[in-house]
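Below you'll find the structure, written out as structure tokens, and then a few comments.
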Amino acid sequence: MKIITGNDLESGAVTWWNGQGWSLRVEDAADAGDSAEAILAREEAARRVNAGYIIEGEPGSDGHPRPAHVKDRIRGLGPTVRLDLTLKPGDEIAAREVI
């Protein structure tokens, strides 16, 4: 399973390819499969994402793709210095999904 991630050009926020465009929510990530390289090349050429790259994914507990490596799961959750600053403050399930 292949997931595409990068950063929003205006805000620098982490973004995830959702099959149609870019989302700030890692839960929206879609399996880009064998098309991942072509999608990333097209999106970077159109300047819709910055510093994009392809990562390995795996099925999450909800059945949706999630990053296979903990580094990218942490990127998807948001800042780790204070859990109240994450993209999902107070969401214990999201915090457990990182591990």
Side-chain angles (χ1 to χ4, degrees):
M1 177 178 299
K2 302 289 183 194
I3 299 173
I4 307 171
T5 185
N7 296 90
D8 180 76
L9 287 168
E10 291 183 19
S11 69
V14 176
T15 57
W16 305 89
W17 177 253
N18 65 15
Q20 301 294 320
W22 296 93
S23 173
L24 298 176
R25 298 167 28 103
V26 67
E27 304 83 37
D28 295 338
D31 180 7
D34 294 336
S35 301
E37 288 185 33
I39 292 167
L40 183 56
R42 181 186 71 228
E43 293 296 305
E44 285 187 327
R47 303 186 56 81
R48 287 189 278 262
V49 67
N50 184 46
Y53 60 102
I54 301 164
I55 61 172
E56 288 297 319
E58 63 187 18
S61 60
D62 60 0
H64 291 101
R66 76 173 196 155
H69 194 277
V70 68
K71 171 198 164 274
D72 294 302
R73 291 197 300 265
I74 291 169
R75 263 182 95 239
L77 182 61
T80 59
V81 292
R82 288 181 34 202
L83 289 179
D84 61 317
L85 296 178
T86 67
L87 295 175
K88 292 185 168 189
D91 187 338
E92 292 179 22
I93 294 171
R96 281 194 303 260
E97 285 291 318
V98 170
I99 303 171

Please determine, by modelled atom types, if S23 and N18 share a side-chain donor-acceptor pair under 3.5 angstrom.
no
Can you tell me how far OG1 of T5 sits from OH of Y53, rounded to the nearest 0.5 angstrom?
5.5 Å
State, to 0.1 Å, how close W16 and G76 come at their nearest heavy-atom pair, and which atoms those are.
CZ2-CA, 3.5 Å
Got E56 and K2 here, is their nearest side-chain heavy-atom distance under 4.5 Å?
yes
Hey, could you give me the CG/CZ distance between L9 and R47, rounded to the nearest 0.5 Å?
6.0 Å
Heavy-atom side-chain contact between V49 and D8 under 4.5 Å
no
How close do A30 and G19 get, heavy atom to heavy atom, and via which atoms?
CB-N, 3.7 Å
Counting only heavy atoms not in E37, do more than 12 sit closer than 6.0 Å to its CD atom?
no
Are S61 and R66 packed together at the side-chain level, in the sense that at least one heavy-atom pair is separated by less than 4.5 angstrom?
no
N/O donor-acceptor pair under 3.5 Å between E44 side chain and G52 backbone:
yes
Would you confirm whether R73, through its side chain, and A68, through its main-chain N or O, come within 3.5 Å as a donor-acceptor pair?
yes
Sub-6.0 Å ring centroid separation between W22 and W17
yes
Which value, rounded to the nearest 0.5 Å, describes the distance between N50 atom CG and E10 atom CD?
12.0 Å
Rounding to 0.5 Å, atoms CG (D28) and OG1 (T15) come to a distance of 11.5 Å
Strictly distance-based, threshold 3.5 Å: is any side-chain N or O of D72 a donor or acceptor partner for the main-chain N or O of R75?
no
Rounded distance [0.5 Å steps], CD1 in I39 versus CD1 in I54
8.5 Å
Looking at CD1 of I3 and CD1 of I55, how far apart are the two atoms once the value is rounded to the nearest 0.5 Å?
5.0 Å
